[in-house]
Amino acid sequence: MVRWRDGLGAMVRRCEGTRAMRLGAAFVVLVIAAFASSHAPLAQQAERPNVILIIMDDVGYGDYGSYGAPDVKTPNIDSLAKTGTKLTDFYAAPSCSPTRAALISGRYQQRYRIEVPLGAAPRGGGAGRAAGAADGPAPAAPAAAAAGAVPAATGLPATGRSLPQLLKNNGYRTALIGKWHLGYTKDTSPGAHGFDYFFGLKSGLIDYYQHTDQSGNHDLWENEAHAHDQGYSTDLFTQRSIKFIEDNAGSPFFLELAYNAAHWPFQVPDHPSVAPGNGRLVQPQEQASTRADYVRILERADQGVGQILATLEKRGLTRNTLVIFTNDNGGEWLSRNAPLFNRKQSLWEGGIRVPAIFKWPGRVPANRTSSQVGIVMDLTATIAAATGSPVPADAKLEGINLLPLLQANAAPVERTLYFRYTLPTRRQRAVRQGDWKLMIDGPNPMLFNVRADPGERNDLAAARQDMVAKLFPLLGAWEADVDSEAKTTVQ
């Protein structure tokens, strides 16, 4: 740039002899200035990376090739692990809404009383109401309340400190494509939290072809209006994501792509169908769905990930894009959670430990596996740090920036993480500190070294009563803290 400007100065000096030459020099200056101005956004973009966060739904820890799956072909997701860093000890909440609340707020979801999934909107209400009709609260679904779900009238309040809002304040274009599940009303919508663009579902599940929720409501949206695109939901979300990337390739962007795959109903691609019972969870004793169906659903999403990565490459954005891949919770009964025990809606490792992969060429090491412990709120802090987005002190983020800890020479940092899941028929609490996990299932405390015993088969509570005594009060103090704040922040 210095030589370029020096050359321009010499050119101008040679033109000073006549009026025509002076006008020519001025023209050259204007042309070069215009050229520099037109390229300024690209220079700024090089300093501020794009971020794509891909979240899968109800997929097991061991359902990807890079995490040991023997029967699923996920070459595109696996390519992220080959060109990035894979975490073995990353945690989410045990179900949909709680994990998403922790991500968007950057804080424990219990502070907002979103400890279990939001209930379905009743027939003809909530998610099914068109733009302008969703301003008032939706009535709660009685069945949802009985099942322990958060009433449909509840959602995550917009505080102005949500992750997409922080990035939007920093000049980023922001989009959520896929599943929201954090509120049906306009004041708890993606737009209220800072997403410039939303295309997807507001509830916990949709029929992949009919685009209706578990109450029979139409639940495919573009911002606050019903969308009536035809096709398989996974493909629609991939297509809209590609369009968003291409439309915003010249400026920094944040895209959360939240696939509903492989959440039930287990509808395979390329075979249009109507989900039974508005997409109710079909149980194994019914013999209506198979592992092969589930694999086809998951592999279609992997193809979508490949198309996203190809779009980045085509637009020359690969090196300046941080791609993060993870799940919202453990898998369901058709999933493979091995080597972990149990599944979604429990605090056993199979319910809360999930894959996490970070790819950022030149910034995150390639083909590396890290045992660094992480949790979903870390994604909030990491994305804010990577994009240089200012975080006000009153945001009180509870995660940490993982990027320095992903480096090849970084020593793992010990973490203390807390979990709680309360259903009418089950209450579980847990704390992990270092390699130790205290699991309280109902009234029963159990202790595991989850580094040596990730399948939680060897209860060490009797042998290490000292460790139980150390962790038990930490859990109680955390519960008192989050519950006290929830009383003041949630009406």
Side-chain angles (χ1 to χ4, degrees), residues 41-42 44-56 77 80 83-85 87 90 99-100 102-106 161-180 190 193-200 237-238 240-259 304-305 307-313 315-328 355-364 374 376-391 395 397 399-406:
L42 295 180
Q44 293 169 6
Q45 186 181 3
E47 298 171 1
R48 294 195 296 169
N50 308 305
V51 179
I52 298 179
L53 171 60
I54 303 173
I55 303 178
M56 301 297 290
I77 294 168
L80 294 174
T83 56
T85 294
L87 272 63
F90 191 82
T99 290
R100 298 167 202 277
L103 168 70
I104 296 299
S105 69
R161 302 292 183 259
S162 300
L163 173 62
Q165 187 65 57
L166 297 178
L167 271 65
K168 183 175 181 176
N169 294 346
N170 193 33
Y172 274 72
R173 287 282 297 166
T174 58
L176 168 63
I177 296 176
K179 182 172 174 177
W180 174 236
H193 285 272
F195 282 111
D196 294 311
Y197 180 74
F198 168 58
F199 179 83
F237 298 154
T238 298
R240 289 296 179 115
S241 296
I242 291 171
K243 185 177 188 306
F244 177 80
I245 293 169
E246 291 181 333
D247 288 349
N248 294 279
S251 59
F253 63 80
F254 168 58
L255 167 63
E256 180 187 338
L257 170 54
Y259 282 119
V305 172
Q307 294 173 44
I308 298 295
L309 298 178
T311 301
L312 292 177
E313 189 67 25
R315 299 305 299 251
L317 300 174
T318 298
R319 292 196 62 82
N320 195 42
T321 301
L322 168 61
V323 179
I324 304 173
F325 178 89
T326 191
N327 292 356
D328 65 342
I357 306 172
F358 295 75
K359 176 191 175 183
W360 190 2
R363 300 295 297 272
V364 172
V376 66
M377 293 94 73
D378 295 340
L379 301 183
T380 317
T382 299
I383 292 170
T387 59
S389 299
V391 179
L397 300 187
I400 64 173
N401 175 15
L402 289 174
L403 291 176
L405 304 178
L406 300 181

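Below, all heavy atoms of this structure are taken into account, side chains as well, without hydrogens, waters or symmetry copies. Keep in mind that what you see is a predicted model, and the values were worked out from it rather than measured.
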* **Contact summary for P355 and N327, nearest pair of heavy atoms** => CD-ND2, 3.4 Å
* Asked: With sequence neighbours excluded, what pairs up with F325 under the ring-ring contact (aromatic ring centres under 6.0 Å, His included) test?
  -> Y64
* **Partners passing side-chain contact (heavy atoms from CB on, under 4.5 Å) against N169 (at least two apart in sequence or in another chain)** => Q165
* **A175: partners by side-chain contact (heavy atoms from CB on, under 4.5 Å), with sequence neighbours left out** => Y197, F244, L255
* Counting distance only, does the side-chain N/O of N170 pair as donor-acceptor with the main-chain N or O of T387 below 3.5 Å? -> yes
* Compute whether any side-chain donor of one residue and acceptor of the other, for T174 and D196, lie under 3.5 angstrom apart. => yes
* Asked: Quick check: does any side chain N or O of T321 sit under 3.5 Å from a backbone N or O of N50, one acting as donor and the other as acceptor?
  -> no
* Asked: Would the number of heavy atoms belonging to other residues, nucleotides or ligands and lying under 6.0 Å from CZ of R363 be above 12?
  -> no
* **Min side-chain heavy-atom separation V391-T380 under 4.5 Å** => no
* **Non-hydrogen side-chain atoms of I324 and W360 separated by less than 4.5 Å** => no
* **Any F90 side-chain heavy atom under 4.5 Å of I357 side chain** => no
* To do: Look at the side chain of N401 and the backbone N and O of A385, then say whether any donor-acceptor pair between them is shorter than 3.5 Å.
  => no
* Output the distance between atom CD1 (I177) and atom CZ (F195), rounded to the nearest 0.5 Å. => 10.0 Å
* T382 and its side-chain contact (heavy atoms from CB on, under 4.5 Å) partner, picked from L402, L406, V51 -> L402
* Polar side-chain atom of T85 near backbone of F358 as donor-acceptor pair, under 3.5 Å -> no
* Answer whether the closest heavy-atom distance between the side chains of K168 and F254 falls below 4.5 Å. => no
* Can you name the nearest heavy-atom pair linking G200 to F237, along with the distance? -> CA-CE2, 3.8 Å
* **Verdict with reasoning, I52 to F253, per side-chain contact (heavy atoms from CB on, under 4.5 Å)** => CA-CA 8 Å; I52 298 179; F253 63 80; 3.9 Å; yes
* Strictly by modelled atom types, are T238 and Y259 linked by a side-chain donor-acceptor pair under 3.5 Å? -> yes
* To do: List the atom of L176, the atom of P190, and the distance in Å for their closest heavy-atom pair.
  => CD2-CG, 4.0 Å
* Would you name the heavy atoms of R48 and P252 that are closest together and state the gap between them? => NH2-CG, 3.5 Å
* From OG (S241) to CD (Q307), nearest 0.5 Å -> 10.0 Å
* Would you say E256 and L103 make side-chain contact, with heavy atoms under 4.5 Å? -> yes
* **Minimum heavy-atom distance I55-D328, with the two atoms named** => CG2-N, 3.9 Å
* **Atom pair CD1 (I383) and CG (L322), whose distance is rounded to the nearest 0.5 Å** => 7.0 Å
* Is a donor on one side and an acceptor on the other found under 3.5 Å between the side chain of T326 and the backbone of A356? -> no
* Asked: Who are the salt bridge (charged side-chain N to carboxylate O under 4.0 Å, His left out) partners of K359, not counting sequence neighbours?
  -> none
* Can you sort out the partners of E313 under salt bridge (charged side-chain N to carboxylate O under 4.0 Å, His left out), two or more places apart, ordered by chain and number? => none
* **Which atom of P390 lies closest to which atom of L166, heavy atoms considered** => O-CD2, 3.9 Å
* Please round to the nearest 0.5 Å and tell me the distance separating atom CG of D378 and atom CG of L397. => 10.5 Å
* To do: Check whether any side-chain heavy atom of S251 sits under 4.5 Å from a side-chain heavy atom of R173, and report yes or no.
  => yes
* To do: Check whether any side-chain heavy atom of W180 lies under 4.5 Å from a side-chain heavy atom of H193, and answer yes or no.
  => yes
* **Under the salt bridge (charged side-chain N to carboxylate O under 4.0 Å, His left out) test, residues paired with R240 that sit two or more places apart** => E222, D229
* Any side-chain heavy atom of I245 sitting closer than 4.5 Å to one from L312? -> yes
